[in-house]
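A short write-up of the structure that comes next.
Per chain, numbering begins at 1; letters A, B, ... match sequence-line order. Everything numeric in this text was worked out from a predicted model, so none of it was measured. When reading the values below, keep in mind they use all heavy atoms of this one structure, side chains included, and skip hydrogens, waters and symmetry mates.
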2 protein chains.
Amino acid sequence: MNAPTPLPLGHSKAPSATRGVADRLRQAIISMEFPPGTRLSEGEIATRYDVSRQPVREALISLSRIGLVQVLPQRGTIVTRISTRHMMQVRIAREALESAIVQRACERFDPVIRGSIDAILETQARAACEGDYMTITAADSQFHAALATGADCEMIWQMVLDVKAHMDRVRHLTLQDRDSMRILVEQHRAIVDAIDQRDPELADHAMRHHLMEILRDLPRVLAERADFFE
Amino acid sequence: MNAPTPLPLGHSKAPSATRGVADRLRQAIISMEFPPGTRLSEGEIATRYDVSRQPVREALISLSRIGLVQVLPQRGTIVTRISTRHMMQVRIAREALESAIVQRACERFDPVIRGSIDAILETQARAACEGDYMTITAADSQFHAALATGADCEMIWQMVLDVKAHMDRVRHLTLQDRDSMRILVEQHRAIVDAIDQRDPELADHAMRHHLMEILRDLPRVLAERADFFE
DNA sequence: CCTCTTGATCTACCATACAAGTCCATACTA
DNA sequence: TAGTATGGACTTGTATGGTAGATCAAGAGG
């Protein structure tokens, strides 16, 4: 609270207990290990992960800000149920943000990162042929992250990550066939092509077309697993 | 962690100590009471606000997610310095999100909320004539929030609020004359007009034009108060 | 004069204990 | 039987003590 002290600062990654619990919980929720509506208890999670309640509590605060869990004071914490109304806003937000990223990428894009993208796409293409779901999704994240980084939009990417979590959770419910995987890779290529051509309008269209597809099967999921929805 | 229990749930606002500290700290940072670079200490803030360290800590976690403070493990917490690179991304993100909101507003907009907007604009217009800065900014928030709510984009508005905090902080450094206040109101009117005409392209343009102006004076602030920047 | 060590003093982090609100099954009452 | 207390078993919220890591200043040794 004193005068603005420099505080030298040298970046740290901080492998703290709180972050560990937050990451594990986040992954567990996205992968449907904890399905929507699951009751979470600070104490129970603390025991399971062998930490005290405090780190768990702080992790839950972070997750509640993203919207993955709902903390009801003095009552309990539950994994947020899926809502079509909410998912629509998620889609709109992600489209808006990632469209902005690729449009900016058309203005300037780090050539080094541009080079690394080819490798990512190649990996993904190979995984698509083999139907390797894990590799596909990992490469997908890398691809979108690389776009943001190359366009100097890392802060925006952090925002995208939050909404992306919701979409990833839904995607875990829709089984992907190889055709849709190949389409995915082609859509990625189309986006990169647009950026290479420095065509903002084309890039915008390609990105929105790509993202639109992800929630295509939402109505089917709603019909099959209504208990996941609110 | 059990079977998905309903957990009746009846909404609550939760006037907790954590939330109280978070709100007060947020306001203090935006209003430059705690200027960029200020060292914050959990214990010190706890004493000042007469709560224990835990609520303070949890409040700081929330603020660090927004990016208003930086928590350096085992070293300290500081109010984030302003960065032109960061502010550019903030502007891009807010433009993208609010543009998406008004475009959606052109498709459908709650008529009741549409009615309340006129009152907000009238209040703001009166405040602009009198140079009432506080009322102006309060009405500005209400206006943008009403747009989001009317377009059924409350979740997106929550995201906007986070980036808006950074812009509000900068705006506190640029003194507003009455002319720019009047221009502000006119820009708001232009946005509403575009929505009334159901013209997405016009609405998009009006909103972006409006938001662009906010950071116009950023270079001047940088020249005058370089110590606020990193 | 420079380099390294050491220890005092900060910090955030974590664990534990306590407080307060909610829910629910049970028992009591009209 | 229906309605209403009541107490216990949950929950999250808050307070506090202790720990490990980071910083920095003073001093020893080269």
Near-strand residues of residues 21-30 of chain B, defined as heavy-atom separation under 4.0 angstrom from DNA chain D: none

Is there a side-chain polar atom (N or O) of A:S41 under 4.0 Å from OP1 or OP2 of D:dC10? no

Please determine if a side-chain N or O atom of A:T77 lies less than 4.0 Å away from the OP1 or OP2 oxygen of D:dT11. no

By nearest-heavy-atom nucleotide on DNA chain C, the more 5' of A:Q74 and B:Q74 is B:Q74

Strictly below 4.0 Å, N to O, side chains only: are A:R220 and A:E224 in salt-bridge contact? yes

Whole-Å distance, B:E58 CD to D:dT12 P, equals 12 Å

Write down the distance between CG (A:L63) and P (D:dT12), rounded to a whole number of angstrom. 14 Å

Show every side chain to side chain donor-acceptor pair (under 3.5 Å) that has at least one partner inside residues 155-167 of chain A, sequence neighbours left out. A:S141-A:K164, A:D162-B:R65, A:K164-A:D168

Between B:R91 and B:V163, is any pair of side-chain heavy atoms under 4.5 Å apart? no

Given atom CG of B:L72 and atom C1' of C:dC13, what is their separation to the nearest angstrom? 14 Å

From CZ of B:R39 across to C1' of C:dC10 the rounded distance in Å is 8 Å

Does anything in residues 50-57 of chain B reach DNA chain C, meaning a heavy atom under 4.0 Å, and if so which residues? B:R53, B:Q54, B:R57

Find the distance A:I45:CD1 to D:dT11:P and express it as a whole number of Å. 11 Å

Basic-acidic side-chain contact under 4.0 Å: B:R108, B:D152: no

Nearest-Å distance for atom pair CD1/P, residues B:I61 and D:dG13: 13 Å

Phosphate OP1/OP2 of D:dG13 contacted by B:S16 side-chain N/O (<4.0 Å): no

Just how far, in rounded Å, is C1' of C:dC13 from CG of B:L60? 13 Å

When A:E98 is tested against each of A:R208, A:H144, A:H210 for side chain to side chain donor-acceptor pair (under 3.5 Å), which residue passes? A:H144

side-chain contact (heavy atoms from CB on, under 4.5 Å) partner of B:M207, chosen from B:I101, B:L97, B:I191, B:I195: B:I191

4.5 Å side-chain heavy-atom contact, B:M155 and B:M159: yes

Should B:D23 and B:R26 count as an ion pair when the cut-off is N to O under 4.0 Å? no

If you measure only the distance, is there a donor-acceptor pair under 3.5 Å linking the side chains of B:S62 and B:E58? no

Write down the distance between CZ (A:R75) and C1' (C:dG21), rounded to a whole number of angstrom. 10 Å

